[in-house]
Amino acid sequence: MLEKLFGKKGKHEIKVIIKGMHCGHCEVHVQDNLRKLPGVKSVKASYKHCEAHIHGDELPSDEVIFDAIVGMGYKPKGIEHIR
């Protein structure tokens, strides 16, 4: 039922501003690692826009997301809860 309402991405979306991504390989690195966090259904990162959009039904806390990004060697600069 939820998938019919919100699609395969889930009911929540977070946008994180990330500094330090320089290429497509950085995007894939961020996407693959953030997808491993509990509750994350999909991630779309963009080095050109310095951001990642994270989707899921029950997303981890902002602190968990920030820690994961720092652990990859990037710098989270802000977070916006879109829905």
Side-chain angles (χ1 to χ4, degrees):
M1 179 67 174
L2 284 177
E3 191 169 306
K4 285 183 180 180
L5 290 174
F6 301 105
K8 293 182 181 182
K9 293 182 178 180
K11 63 181 178 179
H12 296 289
E13 179 180 359
I14 293 174
K15 178 173 86 171
V16 184
I17 304 301
I18 304 172
K19 297 296 181 182
M21 294 190 293
H22 301 289
C23 64
H25 294 287
C26 295
E27 291 175 345
V28 171
H29 185 231
V30 167
Q31 290 171 169
D32 288 349
N33 282 282
L34 290 178
R35 243 185 243 117
K36 293 176 185 176
L37 296 176
V40 174
K41 285 189 164 190
S42 68
V43 179
K44 179 63 179 160
S46 169
Y47 78 91
K48 291 180 183 179
H49 295 105
C50 301
E51 65 186 25
H53 288 260
I54 305 167
H55 304 90
D57 290 329
E58 296 296 328
L59 293 175
S61 69
D62 295 355
E63 184 178 354
V64 169
I65 293 169
F66 270 48
D67 287 347
I69 293 167
V70 169
M72 290 181 259
Y74 303 105
K75 297 177 183 120
K77 294 293 184 180
I79 195 161
E80 177 185 351
H81 292 262
I82 296 173
R83 63 170 190 214

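Note that these values count all heavy atoms, side chains included, but never hydrogens, waters or copies made by symmetry.
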Over all atoms of both residues, closest heavy-atom pair of P60 and P38: CD-O, 3.2 Å

Spacing of CD1 belonging to I54 relative to CG belonging to L59, to within rounding of 0.5 Å: 7.0 Å

Euclidean distance, R83 CZ relative to K15 NZ, rounded to 0.5 Å: 14.0 Å

Common cluster, F66/I17, ILVMFWY with side-chain heavy-atom separation under 4.5 Å: no

Atom pair CD/CD1 of E80 and I14 - distance to nearest 0.5 Å: 10.5 Å

Donor-acceptor contact below 3.5 Å, side chain Q31 vs main chain A45: yes

I82 side chain near H53 side chain, heavy-atom distance below 4.5 Å: yes

Heavy-atom side-chain proximity of K44 to E51 below 4.5 angstrom: no

Contact check, side chains of C50 and K19, non-hydrogen atoms, under 4.5 Å: yes

ILVMFWY network linking V64 to V43, side-chain heavy atoms under 4.5 angstrom: yes

Positive for side-chain hydrogen bond (donor to acceptor under 3.5 Å, both in side chains) with S42, one of H55, E13, R35: H55

Atom pair CD1 (I79) and OG (S61), whose distance is rounded to the nearest 0.5 Å: 8.5 Å

Close side-chain approach of I69 and L34, heavy atoms under 4.5 Å: yes

More than 12 heavy atoms from other groups under 6.0 Å of NE2 on H22: no

Sidechain-backbone polar pair: H49 side chain, Y47 backbone, donor-acceptor under 3.5 Å: no

Smallest separation among heavy atoms of C26 and G20, with atom names: SG-O, 4.4 Å

